[in-house]
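Here is how names work: the chains are called A, B, and so on, in the same order as the sequence lines, proteins then strands, and each is numbered from 1.
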There are 2 protein chains.
Amino acid sequence: MKNYSRQREEVLEELKGTYDHPTAEEIYKRVKLKDEMISRSTVYRNLNELVENKIVKRFSSSNSNDRYDYIDEVHNHAVCLKCGKIFDFKYRFNFNRIKETVEEQTGVIIENEGIVFEGICKDCMNEQNNK
Amino acid sequence: MKNYSRQREEVLEELKGTYDHPTAEEIYKRVKLKDEMISRSTVYRNLNELVENKIVKRFSSSNSNDRYDYIDEVHNHAVCLKCGKIFDFKYRFNFNRIKETVEEQTGVIIENEGIVFEGICKDCMNEQNNK
DNA sequence: CATAAAACTAGGAATTGTTATTATTTTATA
DNA sequence: TATAAAATAATAACAATTCCTAGTTTTATG
């Protein structure tokens, strides 16, 4: 992946400028405001390439579409299993020890942003209690 | 959710009897071997209900379909970001402290099986190196 | 600067996992 | 055993994403 595509820059810039972990469709709509001609498949293709090259992280959940986050400084993510929203936070792990254990037992090689916490967010918790 | 449905029992039994974290389609095919008449949507509906009732855990990833695991004894999961496969392992966390931190900073309430490790598995790592 | 090769794009068609719908069957219970 | 609630089978519908084709832009090289 080289870097000369204007469209790819637009997609990446959109992700750099926001902290709300948008979906592909949201990114498409936002980029389209500045670049009327860009197509949906271009956004999808470039998101895939950015993820492939570890410039962007993708989150999947079954109750929301995939969401994306530009990888800048190290932080962890908590994902709501109900609505799929992503929340940033910081925690100092003994990352090397965890990495070793996971690798020994499973063969899976993880990186810093590879520890994901899944649960239920406040909003969804309240909604659950109110019915 | 009451418990009298033969079809739901078949789906759950299938998950109890395996440790390979199958997809909905795989579960459907396996159950269908024993119960020729069961329909795809019945499998999907029952999986949703089992997840909803915390009897089964669902994993989402963008390079594979959702996968399912019967929740029995506590263990952690490592997910391959390339192929979506799930690997079991055990690690003693200071779970309460992590739970507190996540909750304070994000409002997300996690449970034991809510810590997921994402990385690249051996097979995918080799594949990557061989091209 | 000319030009050929490589990489990328737009736009829509096609695919695919999942859910919704509807008519039917099963279950609980009085 | 009558009846209402819940679950089912089968298929249609849906929505997110990828694929495909032709055309455009960029890059590399002489």
When rounded to whole Å, the CD to C1' distance for the pair Glu10(B) and dT26(C) reads 14 Å

Arg45(B) vs dT19(C): side-chain N/O to OP1/OP2 distance below 4.0 Å
no

Asn53(B) CG to dA7(D) P, straight-line distance once rounded to whole Å
11 Å

Closer than 4.0 Å, any side-chain N/O of Asn46(A) to the OP1 or OP2 of dT9(C)?
yes

Nearest whole Å is fine: how far is dA15(D) C1' from Lys29(A) NZ?
13 Å

For Lys99(A), enumerate each residue passing the side chain to side chain donor-acceptor pair (under 3.5 Å) test, keeping only those at least two apart in sequence or located in another chain.
none

Starting from P on dA6(D), measure out to CZ on Arg8(B) and report it in whole angstrom.
12 Å

Phosphate contact (dA10(C) OP1 or OP2) by Gln7(A) side-chain N/O below 4.0 Å:
yes

Value in whole Å for how far the P atom of dT26(C) lies from CD of Glu9(B)
17 Å

Students often get this wrong, so: under 4.0 angstrom with heavy atoms, is Ser41(A) touching a base, only sugar-phosphate, or nothing?
base

Return whichever of Arg40(A) or Thr42(B) has its heavy-atom-nearest nucleotide of DNA chain D closer to the 5' end.
Thr42(B)

What nucleotide, of dT8(D), dA10(D), dC8(C), holds the atom closest to the side chain of Ser39(B)?
dA10(D)

Comparing nearest nucleotides in DNA chain D, the 5'-proximal residue of the pair Asn63(B), Val43(B) is Val43(B)

Asn65(A) has an atom CG; how far is it from atom P of dT18(C), in whole Å?
13 Å

From OH of Tyr68(B) over to P of dG17(C), roughly how many Å is that when rounded to an integer?
12 Å

Distance to the ring centre below 6.0 angstrom and angle to the axis at most 45 degrees; does that hold for Lys32(B) and Tyr28(B)?
no

Does Asn48(A) make a side-chain N or O approach to OP1 or OP2 of dT18(D) shorter than 4.0 Å?
yes

Within the side chain of Asp35(A), is there an N or O that forms a donor-acceptor pair under 3.5 Å with the backbone of Met37(A)?
yes

Give a yes/no on whether any side-chain N or O of Ser5(A) is located under 4.0 angstrom from OP1 or OP2 of dT25(D).
no

Given the rule in the ring-ring contact (aromatic ring centres under 6.0 Å, His included) test, do Phe89(B) and His75(B) qualify, once you have shown the distances and angles that lead to the verdict?
CA-CA 6 Å; Phe89(B) 77 102; His75(B) 60 276; 9.0 Å; no

Does a side-chain N or O of Tyr44(A) approach OP1 or OP2 of dT17(D) to a distance below 4.0 Å, or not?
yes

Check this for me, if you would: do Glu49(A) and Arg8(A) make a salt bridge, where the nitrogen-to-carboxylate-oxygen distance has to be below 4.0 angstrom?
yes

Atom-to-atom span, CE of Met37(B) to P of dA9(D) - whole angstrom:
7 Å

